[in-house]
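To start, the structure itself, in structure tokens.
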Number of protein chains: 2
Amino acid sequence: MAKRLTQQDIARMAGVSQATVSLVLNNRQDGGVRIAPETRARVLEVIRRTGYVANPIARRLHDQRNRILGVFTYEAVFPSTRADFYQPFLEGIEEQAEEAGCDLLLFTSAKAAGGRRRIFSDDSRIRLADGCVLLGRTVDRDDLAQLLTEGIPFVSIGRRDDAGGAVPHVGADYPAAVRDLVDRAVALGHRKFAYAGAGKGAESSADRLRGFREAVAAHGVDGVHVPFTGLDPLLGAGITAVLAEEVSDGAALVLAARERGLSVPGDLSVLTLGAATRPAPQDLDLTGFRIPRREMGRRAVQALTEVIEHGTTPRELLTCEFVAGSTLG
Amino acid sequence: MAKRLTQQDIARMAGVSQATVSLVLNNRQDGGVRIAPETRARVLEVIRRTGYVANPIARRLHDQRNRILGVFTYEAVFPSTRADFYQPFLEGIEEQAEEAGCDLLLFTSAKAAGGRRRIFSDDSRIRLADGCVLLGRTVDRDDLAQLLTEGIPFVSIGRRDDAGGAVPHVGADYPAAVRDLVDRAVALGHRKFAYAGAGKGAESSADRLRGFREAVAAHGVDGVHVPFTGLDPLLGAGITAVLAEEVSDGAALVLAARERGLSVPGDLSVLTLGAATRPAPQDLDLTGFRIPRREMGRRAVQALTEVIEHGTTPRELLTCEFVAGSTLG
DNA sequence: TCAAGATGCTAATTCGAATTACTACAGGGT
DNA sequence: ACCCTGTAGTAATTCGAATTAGCATCTTGA
């Protein structure tokens with residue numbers, strides 16, 4: 001393998017010093033730096049002839065910045081089963097990274113110790129990057145705490161509870177989105193609501209349930225929280241509008257109701273809250289909201305840039321867009 | 001931003017020299033290097049406590065390994081329009097990288113100069129990685145040549161013609177796959193074939209056409225090459241079996257034939273050759289072959305590891321699996 | 001008891017480029 | 001002759017980690 005040319009080589013060929021080559025290469029004119037036009041031309045000619053390109057590694061070593069942004073996920077991102085979830089986020093991340101002139105480092109080397117990746121292991125490579133975007137429905141709290149104490153610049157996609165300190169994040173404003181759905185349903189005459197789903201565990205689940213509770217309280221209407229167990233318990237309780245955390249659960253409700261000869265939304269309205277841990281049928285035209293995944297990816301990278309440059313702690317919730325659908329009436 | 005820890009810092013904390021930290025970190029025991037167990041333990045403890053990781057840039061400057069593998073694509077990988085194409089490759093790449101304990105660097109910073117990314121620009125970052133996987137239907141020949149002359153380890157996914165030297169690649173064996181299809185069709189009685197598609201441009205297209213020509217020659221049957229222009233020219237020429245380079249073209253043929261009251265495969269057999277530059281309907285059950293994309297991704301990373309470690313020039317074609325379908329008879 | 005050998009660690013150098021402080025010299029003014 | 005200013009360039013240092021030569025110190029064996 002042919003040894004790569006260095007500035008020293010160029011310098012020798014042009015009969016100048018390495019420093020001069022560097023100065024010419026970076027076209028420096030400021031701060032009392034002067035290179036005679038002929039010298040400059042001579043150096044440039046040698047560079048042109050040899051096709052010399054500065055070694056980016058040495059360059060970065062000096063500049064203290066990599067222009068590398070890390071992306072950490074707690075599972076592999078590409079398998080098609082997970083692709084639907086990660087895809088839009090990554091799309092936004094990639095877009096913004098390109099704009100910022102940064103490369104993306106996927107931490108694929110993180111060993112799945114005990115089935116799940118961990119950021120910090122014996123040989124953590126997290127510091128390879130200037131900073132890191134965290135992606136996943138839930139994030140290990142110990143990992144978060146350690147990121148904070150070690151002062152590693154990072155931004156979580158998705159709101160996160162404090163973990164020994166405020167966690168920088170770019171999330172979706174689930175409370176507002178869920179309140180909006182309830183508002184619309186109340187305006188249409190609904191008075192008995194149910195929230196079907198976990199409502200806890202991940203912050204995103206808790207936030208949705210919180211929005212639900214706030215909304216029913218504000219309107220003074222009935223609202224119960226139940227784990228998702230199918231259609232019967234809901235009908236028995238006289239519910240007229242169900243908010244299903246999981247899209248696939250919402251879809252299941254619609255199908256079950258119709259199978260039983262009930263009309264959706266005539267007899268029952270079904271609203272879906274965007275959680276997609278399982279694949280769901282696409283053809284049901286469910287009413288709900290759209291999580292701005294791609295935009296979240298973009299904003300996360302922007303926020304990360306700020307963290308890296310100014311050490312700020314950005315926390316931001318993006319608005320979810322209402323999706324009219326046809327299951328609310 | 002909190003200053004990043006250096007070996008010097010670790011050394012101070014452990015009360016040893018920077019050299020010792022380096023030796024412990026790399027677990028060196030050879031060549032007269034000896035570190036007392038207690039010292040080693042003390043250093044490791046500090047490393048563990050602080051979560052210190054060697055700066056890859058500095059490391060790379062000195063030796064030649066980062067455990068970072070680059071992935072270069074000539075367009076953004078995540079946009080959903082391209083996802084179907086890239087996804088399976090990336091899945092394999094990620095899998096194998098994880099196994100090899102390497103991280104993946106996506107060259108998102110490569111500016112699309114003139115609409116298309118280029119590997120080499122004024123400030124090429126290609127050398128951040130230990131080596132690089134190239135992904136794309138076509139690859140810039142100048143880029144290839146420069147990769148070769150600069151001795152940068154890389155592997156192309158997809159066979160590539162020489163570009164001032166043999167290009168390491170992991171491709172699909174299109175000639176064999178196409179020959180196999182022709183063989184099967186001949187065995188079923190077909191004697192007049194057409195190859196519909198570009199048959200040139202990308203190596204993958206040329207390889208398919210070459211396989212076609214070899215096969216019809218070997219069997220002594222009729223075989224013409226036409227650009228894809230719909231159904232009529234084929235019927236006029238008395239063709240009974242069409243091999244459509246593009247999946248979507250194959251699908252179009254089937255639909256057109258059936259619309260005209262013809263039976264597929266009764267009146268016309270349609271074989272598809274797996275090229276997917278455009279989205280195609282999934283429900284037609286076309287006869288053809290499956291490109292082992294995921295496996296290609298895996299093998300490419302394995303091959304790249306060999307290139308990096310031993311400077312070899314692996315060239316390999318993987319077998320495409322026959323897909324029976326229902327459009328050959 | 002003293003040289004030989006083993007042990008444990010460190011000083012110094014290297015990688016390639018960027019940057020700063022500084023030198024060397026020319027010409028002008030007094 | 002002296003200082004001053006401007007010009008053109010270079011030597012030396014820096015970034016962080018890896019490596020090698022070599023310096024102390026401690027054990028043995030004769």
Side-chain angles (χ1 to χ4, degrees), chain A residues 1 3-44 46-47 50 52-68 123 125 127-128 130, chain B residues 1 3-44 46-47 50 52-68 122-128 130 150:
Chain A
M1 177 165 30
K3 198 185 137 287
R4 201 191 156 92
L5 285 172
T6 70
Q7 283 192 352
Q8 196 59 254
D9 299 326
I10 304 295
R12 257 190 300 271
M13 295 185 208
V16 295
S17 72
Q18 175 264 324
T20 303
V21 176
S22 173
L23 294 173
V24 168
L25 207 57
N26 297 322
N27 202 27
R28 292 263 318 262
Q29 327 248 187
D30 56 300
V33 169
R34 285 172 296 266
I35 306 290
E38 316 95 73
T39 309
R40 177 181 300 275
R42 190 151 33 89
V43 172
L44 286 174
V46 174
I47 290 175
T50 56
Y52 167 82
V53 185
N55 181 340
I57 298 295
R59 189 133 109 196
R60 295 308 168 209
L61 177 60
H62 191 273
D63 294 352
Q64 293 293 293
R65 189 143 300 175
N66 270 337
R67 295 197 144 304
I68 291 178
D123 176 31
R125 320 224 320 135
R127 284 177 188 273
L128 284 173
D130 293 338
Chain B
M1 177 173 39
K3 197 183 136 286
R4 193 181 169 131
L5 285 172
T6 69
Q7 283 193 350
Q8 196 59 253
D9 299 324
I10 304 295
R12 256 189 300 271
M13 296 185 204
V16 296
S17 71
Q18 175 263 323
T20 303
V21 176
S22 172
L23 294 174
V24 168
L25 207 60
N26 298 319
N27 202 27
R28 292 263 318 261
Q29 326 247 196
D30 55 298
V33 170
R34 285 169 297 263
I35 305 290
E38 314 95 74
T39 309
R40 178 182 301 275
R42 191 151 32 91
V43 172
L44 285 175
V46 174
I47 290 175
T50 55
Y52 166 82
V53 186
N55 181 334
I57 300 297
R59 192 182 195 123
R60 169 68 188 228
L61 180 61
H62 193 273
D63 51 43
Q64 297 287 286
R65 276 317 284 278
N66 248 344
R67 304 200 83 66
I68 292 180
D122 288 345
D123 180 28
S124 171
R125 319 231 312 138
I126 192 80
R127 280 183 183 273
L128 282 174
D130 293 334
E150 296 206 5

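So you know, we letter chains A, B, ... as the sequences are listed, proteins then strands, and number each from 1.
At a threshold of 4.0 angstrom between heavy atoms, the contacts of B:Ala54 are confined to the sugar-phosphate backbone, with no base atom among them. Here A:Ile35 lies in heavy-atom contact (under 4.0 Å) with sugar-phosphate atoms only. Note on A:Val21: nothing from the nucleic acid sits closer than 4.0 angstrom, heavy atoms only. Across all strands shown, A:Ala36 has heavy atoms under 4.0 Å from sugar-phosphate atoms exclusively, and none from any base.
Remark: A:Thr20 OG1 to A:Gln7 CD distance equals 10.0 Å, nearest 0.5 Å. The CD1 atom of A:Ile10 sits 6.0 Å away from atom CD1 of A:Ile47, with the distance rounded to the nearest 0.5 Å.
Along DNA chain C, the nucleotide closest to A:Tyr52 and the one closest to B:Ala19 are compared, and the more 5′ of them pairs with B:Ala19. Nearer the 5' end of DNA chain C, as judged by each residue's closest nucleotide, is the contact made by B:Thr39, out of A:Val33 and B:Thr39.
Not one N or O on the side chain of A:Asn66 forms a donor-acceptor pair closer than 3.5 Å with the backbone of B:Ile57. Remark: side-chain polar atoms of A:Arg127 are not paired, donor with acceptor, to backbone N or O of B:Arg4 under 3.5 angstrom. No donor-acceptor pair under 3.5 Å is formed between the side chain of A:Asp63 and the backbone N or O of A:Arg65. Panel note: side chain B:Arg28, backbone B:Leu23; no donor-acceptor pair is recorded below 3.5 Å. Using a distance-only test at 3.5 Å, with no hydrogens or angles considered, a donor-acceptor pair links the side chain of B:Arg125 to the main chain of A:Arg67.
Between B:Gln29 atom CD and C:dC9 atom P there is a gap of 12 Å when expressed in whole angstrom units. Rounded to whole angstrom, the span from the CZ atom of A:Arg60 across to the C1' atom of C:dC15 amounts to 17 Å. We find that CZ of B:Arg59 is positioned 13 Å from C1' of D:dT19, with the value rounded to whole Å. Going from atom CG of B:Asp9 over to atom P of D:dG16 covers 8 Å, rounded to whole Å.
Counting distance only, with no hydrogens placed and no angle test, the side-chain atoms of A:Gln18 and the base atoms of C:dA18 include a donor-acceptor pair under 3.5 Å. For C:dA17, the base has no donor-acceptor partner in the side chain of A:Gln8 [N/O atoms by modelled type, under 3.5 angstrom].
Distances from the side chain of A:Leu23 to the nucleotides D:dT10, C:dT10, D:dG16 place D:dT10 closest. Nearest to the side chain of B:His62, among C:dC9, C:dT14, D:dT10, sits C:dT14. The nucleotide whose nearest atom lies closest to any side-chain atom of A:Leu61 is, among D:dA17, C:dG16, D:dT19, C:dG16. Among the nucleotides D:dT10, C:dA17, C:dT10, the one closest to any side-chain atom of A:Ala58 is C:dA17.
Using a 4.0 Å cut-off, some side-chain N or O of B:Thr20 falls inside it from OP1 or OP2 of C:dT10. OP1 or OP2 of C:dA6 has not a single side-chain nitrogen or oxygen of B:Arg34 nearer than 4.0 Å. Not one side-chain nitrogen or oxygen of B:Arg4 sits closer than 4.0 Å to the OP1 or OP2 atom of D:dG16. Contact check, A:Ser22 against C:dG16: no side-chain N or O comes under 4.0 Å of OP1 or OP2. The side chain of A:Asn26 places an N or O atom within less than 4.0 Å of a non-bridging phosphate oxygen (OP1 or OP2) of C:dA18. Within the 4.0 Å cut-off from OP1 or OP2 of C:dG16, not a single side-chain nitrogen or oxygen of A:Thr6 is found.
Two end axes, each from the C1' atoms of five base pairs, can be drawn for the helix from C:dT1-D:dA30 to C:dT30-D:dA1; they diverge by 80°, to 10 degrees.
Salt-bridge annotation for B:Arg60 and B:Asp130: present, with a side-chain N of the basic residue lying under 4.0 Å from a carboxylate O of the acidic one.
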